[in-house]
Amino acid sequence: MAYSFSQQLLDWYYKNKRDLPWRQTDSPYEIWVSEIMLQQTRVETVIPYYERFLAAFPTVYDLADANQQQVLKLWEGLGYYSRGRNLHQAAKMVVDHFEGSIPSDYNTITELKGIGPYTAAAVLSIAFDKKHAVVDGNVIRVLTRYYGIEEDIRSGKTKKKIQTFADDLIPFDKPGDFNQAVMELGATVCTPKNPLCNQCPLSSDCVAYQAVKTETIPYKSPAKKIPHHQIAVGLIVNQQNELLIALRPNDAMLGGLWEFPGGKKESGESLTQTVQRELEEELGVKVDVFNKFKELKHAYSHFKITLHAYWCVITTGNPKPISGQELRWVSLSEIDQHPFPKANKTLIEELHQMDNSDLTRFVNS
DNA sequence: AACCCGGGGTC
DNA sequence: GACCCAGGGTT
């Protein structure tokens, strides 16, 4: 039974697998990088980031030698920035403690920052031919349907059960191909909506397919509602046509990225008052708030924001990094060297579309 | 176990 | 809009 599953799946995989960049290498480093980028991120999104990243850091030594700003600039827009910081930190560990070689056993490789159960199993099976079964969103979907598992996939108990099934199915020969095959099936055939069961090599033994339950398996309990915040930021321009940007602390959300200073609107406060309060708290300056530059919406995984950006001019004080982060005055040509989160990046794009020679004329225009 | 962490594609 | 994505870290 287990033999049939892996045999039919591998046959299908060798005929139908996509030609992906990380499938053209045996390098544990390159496979590791791909697996970190692929966490919670689609293949098509990852590919250009992967190519640029490896071009910049061809070996683990190059990555270990890089500075964090370089790494985050290449990660800009990919999200979950702690992945980039952790990968960088782990590369230093590989160089300093493992002589530049990615560890090839489970307990050691999971000591590296950013490598959990999934990534450990993926790298060990794909790069080192070790028999460790991966369990990701694809595997969960394929196996819950195949075995007709109707329990809530949010629960740890269900995930353990799925891990046990996967451990039982994975063959001694070609464990890396097997893992990739299950994920490939989940990504291209056994999809969340409208799965292509007529193309599936496992449909004849699939409980969900036979019972017409592919729309209800896997079951996931409802997510809780997410809040919506109003964020107001200041575009502070000095006499040299430079904008003030602030570096977020490493341990914060979006840590290591830059932003326009500002913060969350409190109830009973106007957006203008929010800007003035936040800039006084963060920078120790008083500002005049002029016209609004842009307003945009952005969705994170756990909340939504509307970002309001206002032109500001300092009336009292010199900006100091009171909340601990570094501050920098940058021209519009220098600003692009810094990594920003998406919402801020969108603002910067809008700034570029206007005149980049004189920012001050936008104030009160 | 619960919660936090981005951004993008799909339906 | 809701859901999902080659998950991991922290508490």
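Proteins come first, then strands; the chains are lettered A, B, ... in the order of their sequence lines, and each starts at number 1.
- Note on A:Ile36: nothing from the nucleic acid sits closer than 4.0 angstrom, heavy atoms only.
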> Can you give one letter per nucleotide of nucleotides 4-11 of chain C, going 5' to 3': B for a protein heavy atom under 4.0 Å from the base, S for sugar-phosphate only, - for none?
Replying inline: BBBBSSS-

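- Heavy atoms only, all atoms of each residue included: A:Lys264 and A:Thr274 are closest at O-CG2, 3.7 Å.
- Nearest-nucleotide positions on DNA chain B for A:Ser155 and A:Lys342 put A:Ser155 closer to the 5' end.
- Here, B:dG6 and C:dT11 have their P atoms 16 Å apart, quoted to the whole Å.
- With P as the reference atom, C:dA6 and B:dC11 are 13 Å apart, rounded to whole Å.
- For A:Phe5 and A:Tyr146, the ring centers are positioned less than 6.0 Å apart.
- Atom C1' of nucleotide C:dC3 and atom CG of A:Asn194 are separated by 13 Å, given to the nearest angstrom.
- Heavy atoms only, all atoms of each residue included: A:Arg248 and A:Glu259 are closest at NH1-OE1, 2.8 Å.
- Comparing the C1' positions of B:dC5 and C:dC4 gives an interatomic distance of 16 Å, to the nearest angstrom.
- Nearest heavy atoms, A:Asp336 versus A:His352: OD2-NE2, 2.8 Å.
- Taking the centre of each ring, A:Tyr310 and A:Phe293 stay at or above the 6.0 Å mark.
- Put simply, chain A comes within 4.0 Å of DNA chain B, heavy atom to any atom, from B:dA1 to B:dC11, going 5' to 3'.
- Surrounding NZ of A:Lys286 are at most 12 heavy atoms belonging to other residues, nucleotides or ligands under 6.0 Å away.
- The residue among A:Lys157 and A:Ala252 whose nearest nucleotide of DNA chain B is located toward the 5' end is A:Lys157.
- Using the six-membered ring where Trp is involved, A:His229 and A:Phe303 have ring planes that are tilted, between 30° and 60° apart.
- Distance noted for atom P between C:dG9 and B:dG8: 24 Å (whole Å).
- For the pair A:Arg52 and A:Tyr49, the cation sits on the ring face: its NZ or CZ lies under 6.0 Å from the ring centre, inside 45° of the axis.
- Dense packing is recorded around CD of A:Glu215, with more than 12 heavy atoms of other residues, nucleotides or ligands lying under 6.0 Å away.
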